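Here is the structure we will look at, set down as structure tokens.
The model shown is predicted, which means the values in this text are computed figures rather than measured ones. Lettering follows sequence order; numbering is per chain, from 1.
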Amino acid sequence: MPHRKFNKLLRDFYNRPTLEICHDILGKYIIYNSSEGKLSAKIVEVEAYIAVNDPASHAYRGKTERNKPMFGNPGFSYVYFIYGMYHCFNFVTEPEGQAAAILLRGAEPEEGINFFRSNSKVVKDYQLLNGPGKFCRSFNINLVHNNIDLTGELIYFEDRNQKVKNIIESSRIGIKSGQEKLWRFYDNDSMAVSVKKNRNKVGV
DNA sequence: TGAATGATGCGCT
DNA sequence: GCGCATCATTCAT
């Protein structure tokens, strides 16, 4: 019988409290079986957006055509277009009806580095995916990838039993409201974190 | 080393 | 119209 070396994350993983998932998703791998071949990367930085009591969330003011994936089933993607030129990739958490999502902000390239490089002008490989806009640019992720089931075969996350030792919690980047919330989480041992600041843990 | 700014399109008030 | 879950470049210190 075929032995599954790595476990794909399924619905139960996403159907949980968002802040728990933020911790758990670090060190997992995102897999994208694109038309250009298999792409993969290790997740090292994320942010939580939980509509309840969070003015910074797109879903805070209720459901609209754009944000409706956030109100839907957990384990689906939510991709939006921002600043006239970038996309951001999120995945939906919490039970259906509770609007929440986690923004992918940083990852370490694994498979498909040549494809990532072809979409980018950066010098170092760890710079290919270190930012939400750069992640989507290198992966060539856009609105076509909005609201798709991440327990399917196209895009999904994989558990490779890797532990993340130093998780830092900090305030989120680039928002003006809700800054008191320490809802950004990153792997302090990774080079592919977009910015290392606002840490609430001692160390350099 | 950090602050300011331009690029650029769309959602929302 | 305004502002935005960004990035790369320019300018000031």
Side-chain angles (χ1 to χ4, degrees), chain A residues 14 18-19 21-23 25-26 30 41 43-72 74 76-94 98-109 116-148 150 155 157 167-187 190-199 204:
Chain A
Y14 303 101
T18 305
L19 299 181
I21 302 175
C22 281
H23 279 91
I25 198 68
L26 294 176
I30 184 169
I43 307 304
V44 299
E45 181 186 356
V46 295
E47 281 177 2
Y49 288 87
I50 308 169
V52 177
N53 219 7
D54 180 14
S57 169
H58 287 176
Y60 179 65
R61 294 165 212 287
K63 189 191 285 188
T64 67
E65 183 59 29
R66 179 174 67 149
N67 68 24
K68 66 181 180 186
M70 289 186 70
F71 291 82
F76 277 65
S77 62
Y78 170 49
V79 180
Y80 60 85
F81 186 59
I82 190 79
Y83 295 120
M85 53 176 71
Y86 299 108
H87 295 273
C88 289
F89 180 89
N90 304 247
F91 61 93
V92 177
T93 57
E94 311 273 350
Q98 295 184 34
I102 294 174
L103 168 68
L104 242 56
R105 288 195 54 93
E108 294 177 358
F116 297 149
R117 286 182 185 142
S118 72
N119 294 327
S120 182
K121 295 174 187 169
V122 303
V123 177
K124 304 290 187 182
D125 287 346
Y126 67 80
Q127 299 173 317
L128 287 165
L129 309 173
N130 66 337
K134 295 168 78 177
F135 175 88
C136 288
R137 187 179 59 189
S138 291
F139 265 83
N140 194 26
I141 282 176
N142 50 61
L143 294 179
V144 170
H145 307 89
N146 185 38
N147 205 17
I148 64 172
L150 300 177
I155 303 178
F157 291 90
I167 295 179
I168 304 288
E169 303 179 358
S170 83
S171 56
R172 294 170 293 178
I173 305 294
I175 60 171
K176 289 179 179 174
S177 58
Q179 296 200 343
E180 77 288 352
K181 294 179 169 62
L182 298 179
W183 284 0
R184 186 168 76 105
F185 304 85
Y186 62 85
D187 178 356
S190 175
M191 295 284 290
V193 172
S194 62
V195 286
K196 291 186 176 179
K197 66 170 191 177
N198 295 332
R199 62 186 58 189
V204 179

**Message:** Could you measure the distance from the CE atom of Met191(A) to the CD atom of Glu108(A)? Nearest 0.5 Å is fine.
**Reply:**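 Taking CE in Met191(A) and CD in Glu108(A), the distance rounds to 9.5 Å.
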**Item:** CG-CD1 distance between Leu104(A) and Ile30(A), expressed to the nearest 0.5 angstrom
**Value:**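 Interatomic distance, Leu104(A) CG to Ile30(A) CD1, rounded to 0.5 Å: 5.5 Å.
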**Item:** Nucleic acid footprint by protein, nucleotides 1-13 of chain B - heavy-atom cut-off 4.0 Å, B for base, S for sugar-phosphate alone
**Value:** ------BBBSSSS
**Message:** Tell me whether the rings of Phe89(A) and Phe157(A) are parallel (<30°), tilted (30 to 60°) or perpendicular (>60°).
**Reply:**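 Tilted: the ring planes of Phe89(A) and Phe157(A) meet at 30° to 60°.
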**Prompt:** Relative to the ring of Phe139(A), is the ring of Phe116(A) parallel (under 30°), tilted (30 to 60°) or perpendicular (over 60°)?
**Reply:**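 If you compare the ring of Phe116(A) with that of Phe139(A), the planes turn out tilted.
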**Message:** Counting only side-chain nitrogens and oxygens, does Lys176(A) get under 4.0 Å of the OP1 or OP2 atom of dC4(C)?
**Reply:**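 Lys176(A) to dC4(C) OP1/OP2: side-chain N or O found under 4.0 Å.
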**Prompt:** Within the pair Arg184(A) and dA5(C), is there a side-chain N or O less than 4.0 Å away from OP1 or OP2?
**Reply:**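 Answer no for this pair, as no side-chain N or O of Arg184(A) is under 4.0 Å from OP1 or OP2.
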Gap between atoms [atom1] and [atom2], on [X] and [N] respectively (whole Å):
{"X": "Tyr49(A)", "N": "dC4(C)", "atom1": "OH", "atom2": "P", "value": "12 Å"}
{"X": "Leu103(A)", "N": "dT6(C)", "atom1": "CG", "atom2": "C1'", "value": "11 Å"}
{"X": "Phe91(A)", "N": "dA5(C)", "atom1": "CZ", "atom2": "C1'", "value": "14 Å"}
{"X": "Gln179(A)", "N": "dC4(C)", "atom1": "CD", "atom2": "C1'", "value": "14 Å"}
{"X": "Phe135(A)", "N": "dA5(C)", "atom1": "CZ", "atom2": "P", "value": "19 Å"}
{"X": "Gln127(A)", "N": "dA8(C)", "atom1": "CD", "atom2": "P", "value": "8 Å"}
{"X": "Glu47(A)", "N": "dT6(C)", "atom1": "CD", "atom2": "C1'", "value": "12 Å"}
{"X": "Leu128(A)", "N": "dA8(C)", "atom1": "CG", "atom2": "P", "value": "11 Å"}

**Asked** Is there aromatic stacking of Tyr80(A) against dA5(C), centre distance under 5.5 Å, plane angle under 30°?
**Response**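 By the stated criterion, Tyr80(A) and dA5(C) do not stack.
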**Request:** Please report the shortest heavy-atom distance between Pro132(A) and Leu103(A), naming the atom on each side.
**Result:**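 Looking at all heavy atoms of both residues, the shortest contact is CB-CD1, 4.1 Å.
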**Prompt:** Any idea which heavy atoms bring Ile43(A) and Val46(A) closest together, and the distance?
**Reply:**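 For Ile43(A) versus Val46(A), the nearest heavy atoms are CG2-CG1, 3.7 Å.
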**Partners meeting salt bridge (Lys or Arg N to Asp or Glu O under 4.0 Å) with Glu47(A) (sequence neighbours left out)** =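 Residues passing salt bridge (Lys or Arg N to Asp or Glu O under 4.0 Å) with Glu47(A): Arg105(A).
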**Item:** Pairwise 5' ranking along DNA chain C for Lys121(A) and Ala101(A), keeping only the more 5' one
**Value:**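 Mapping each residue to its closest nucleotide by heavy atoms, the 5'-most match is Ala101(A).
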**Asked** Base, sugar-phosphate alone, or nothing: which one does Ile175(A) contact when heavy atoms must sit under 4.0 Å apart?
**Response**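 Here Ile175(A) touches the backbone only, sparing every base.
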**Request:** Using both pair distances under 3.5 Å as the test, note the stems of at least 3 consecutive Watson-Crick or G-U pairs that include DNA chain B.
**Result:**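 Stems found: B:1-7 with C:6-12, B:9-12 with C:1-4.
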**Asked** Within a reach of under 6.0 Å around CZ of Arg61(A), are more than 12 heavy atoms found that belong to other residues, nucleotides or ligands?
**Response**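 No, CZ of Arg61(A) has 12 or fewer neighbouring heavy atoms, counting only those of other groups under 6.0 Å.
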**Message:** Ring centroids only, cut at 6.0 angstrom: are Tyr80(A) and Tyr78(A) within range, meaning strictly under it?
**Reply:**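 Ring centroids of Tyr80(A) and Tyr78(A) are less than 6.0 Å from each other.
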